[in-house]
Amino acid sequence: MNPTPLPQAFEYLRPFDEWALASVQERMHKRIDSDFDDLKRFYDTFLPNFKDAVSHLNNFSLEEMPDAEKNLFRIAASFIEAAVAVELLGVPDEPSAYPIDKIDVERASIR
Amino acid sequence: MNKPTPANPLRLSTDYPELGTAPLDITRRFTSDYFDLERTKIFSKTWLWLAMAYDLPNPGDYVVKELEHAKASIILVRGNDNQIRGFHNSCSHRTNRVAYAPSGNAPKGFTCRFHGWNYGTDGTLNFVPQDDLFPELDLSCNGLTPVATDLWEGSIFINLDPEPEETLAEFLGEFANSYAGFFDGMEQACAYSVEVNANWKICIDAFVETYHFAFVHQSTAAGVLTSKDNPYGRLEICRLYDKHRVVSARANTGYTPTPTEAVIASLGMQQTLNPDFAQAAENRLPEGINPAKLNDWATDILVLFPGTVIYPWTGWFEIMNFIPVSHNKTRWEMRIGMQPATNAGTWLSQEYNSTLIRDVVRQDWTNLEMIQQNIESGAKKEMHLGDQEIMLRHQYDVVDRYINSK
Ligand code: FES
Ligand SMILES: [Fe+2]
């Protein structure tokens, strides 16, 4: 199996490469289906370097991003989901929140 | 220094004594009979927000919108002449639909799949197979049935009345000119939609006051709109127009961004609920936005009667549209429009904002279905509306006015 390519400086995100998800639907479901501890581990690992990751990605055009950067970009987008859960909600999803499956989302995927 | 005078708790309604302070009768306003009146007297007569012009960037681009309250299917299409028009999605032959996808590009127009009649992007009936079978058919007067369609600041409105009583500009009235250019250059960041089992007015009610913020949104957005000197995020000023209305919300100038928000801000790519005050000061907003020119302004809540709510933030916007499906079902659509993402950073800023707002509104929806059910149970005969809920009071007042009109 081919591992998901990542830019060398961001190899430390390897344990979280399953978060390299193109669509917002995949990312939000993964967040909601995750254990909070796993979200927290992902968040804690990425947060100190999130700014570096974004600065790195800003060197590339959105239209022609190499595969490794594209994966980093996808993981960064998933980090946003994790950040909302960890920084604000304190749970993967609030039990009183309206069911996510009932909401249609239109948002460009990271292709 | 003088101590600031405590703000008047009845500040929103002081200027509008005619609306009164009585409880609202809820026994008659949410029934299917009442909805029938709303369908014919409001939704078939007024201008309705339907889409953004940026949904149709190229000639031949179209969207199809279902308006269940009128059993209407409406095509909005940018013609090959670049003009945006609206039509009933109904064939002149035996009335079948002619557009079947929710959106697309059709430079050659629409072909009915029943017997192949074809219509141009301007609605003209172009082609009838075996037209010698219809000796009396005049193609030139059998195009698609047009629907009154007009634009305001990048938004597309329609009016189902074949002869609207007023133009869109007249309908919007006095503030229409004061938003000039605000939406220019913004593009769709994200769109959400959901069908909620609640009356359309109950749904709108939840999105035009901040009285619920400290409770419903405690974990999410309360922090940016509530502060030490405004712990409940009270709305500051209110302007009631003939049918439409606006209030302004103050921001928490002492808000501490989350670590993620801080990264987003430090990279200068902030388009979030937490306003960048420096940028806001620089950013000359059109006259109609932040009408009281509050220094700590966060956003306005502008309600376009009957069912559209616009929130202009600094450099981005939300538009919510509430389409009644039945007396107890509403389809809600939300558009988040932002500056185009030029790099991963701005894209992630859009992502943060869209994600946060999604989880904020998910906190709202759960309540609304419970409210609807309780109204139908008849357990309560009235509801109480406080000063901060003047937007609701005015909405019910305007609805009544239309229902009671001849
Ligand atoms: S109904 Fe459209 S071609 Fe017959
Ligand atoms: Fe809310």
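When reading the values below, keep in mind they use all heavy atoms of this one structure, side chains included, and skip hydrogens, waters and symmetry mates. The structure displayed is predicted, hence computed values, not measured ones. In what follows, every chain begins at residue 1, and chains take the letters A, B, ... in the order their sequences are listed.
- Distance CD1/B/Ile264 to CZ/A/Phe50: 6.0 Å, rounded to 0.5 Å.
- Across every non-hydrogen atom of A/Leu62 and B/Thr342, the tightest pair is CD1-C, 4.0 Å.
- Few gaps surround CD on A/Glu11; more than 12 heavy atoms of other groups in view lie less than 6.0 Å from it.
- Distance check: B/Thr258 OG1 to A/Leu47 CG gives 9.0 Å after rounding to the nearest 0.5 Å.
- Here the closest non-hydrogen pair linking A/Ala97 and B/Thr366 is C-OG1, 3.6 Å.
- Taking CZ of B/Arg331 as the reference point, atom CG of A/Asp104 lies at 10.5 Å (rounded to 0.5 Å).
- The shortest side-chain heavy-atom distance between A/Arg27 and B/Glu351 falls under the 4.5 Å cut-off.
- Shown here is B/Tyr54, whose OH atom has more than 12 heavy atoms of other residues, nucleotides or ligands within 6.0 Å.
- When side chains are defined from C-beta on, B/Trp347 does not count as touching A/Leu57, because their heavy atoms never get closer than 4.5 Å.
- Looking at A/Asp93, only its side chain comes within 4.5 Å of chain B, counting heavy atoms on both sides.
- B/Glu369 touches chain A through its side chain: at least one heavy atom from C-beta onward sits under 4.5 Å away, while N, CA, C and O do not.
- Here OH of A/Tyr98 is found 12.0 Å from CG of B/Asp364. Values are rounded to the nearest 0.5 Å.
- A/Asn58 places no side-chain N or O within donor-acceptor distance of the main-chain N or O of B/Asn343, the cut-off being under 3.5 Å.
- Along residues 60-68 of chain B, no residue comes nearer than 4.5 angstrom to chain A, judged on non-hydrogen atoms.
- Proximity to chain B (any heavy atom under 4.5 Å) is restricted, for A/Val84, to the side chain, taken from C-beta onward.
- Remark: B/Glu195 CD is packed, more than 12 non-hydrogen atoms of other residues, nucleotides or ligands lying under 6.0 Å away.
- Neither the backbone nor the side chain of B/Ala262 comes within less than 4.5 Å of any heavy atom in chain A.
- Here CD of B/Gln363 is found 7.0 Å from CG of A/Leu89. Values are rounded to the nearest 0.5 Å.
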Please assess B/Arg358 against A/Met28 for the test side chain to side chain contact (heavy atoms under 4.5 Å, CB included), listing each intermediate value before the final yes or no.
-> CA-CA 10 Å; B/Arg358 180 196 73 210; A/Met28 72 189 190; 3.4 Å; yes
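- The pair B/Arg362-A/Glu94 does not meet the salt-bridge criterion, since no charged nitrogen lies less than 4.0 angstrom from a carboxylate oxygen.
- Chain A forms more heavy-atom pairs under 4.5 Å with one residue of B/Leu356, B/Val361, B/Thr260 than with any other, namely B/Thr260.
- Listed in order of number, the residues of residues 201-220 of chain B that approach chain A to under 4.5 Å between heavy atoms are B/Ser219, B/Thr220.
- Interface residue B/Val196: backbone and side-chain heavy atoms are both found under 4.5 Å from chain A.
- Nearest approach of A/Ile80 to B/Tyr352, heavy atoms of both residues: CG2-CA, 3.4 Å.
- Between the CZ atom of A/Arg107 and the OG1 atom of B/Thr355 there is a distance of 7.5 Å, given to the nearest 0.5 Å.
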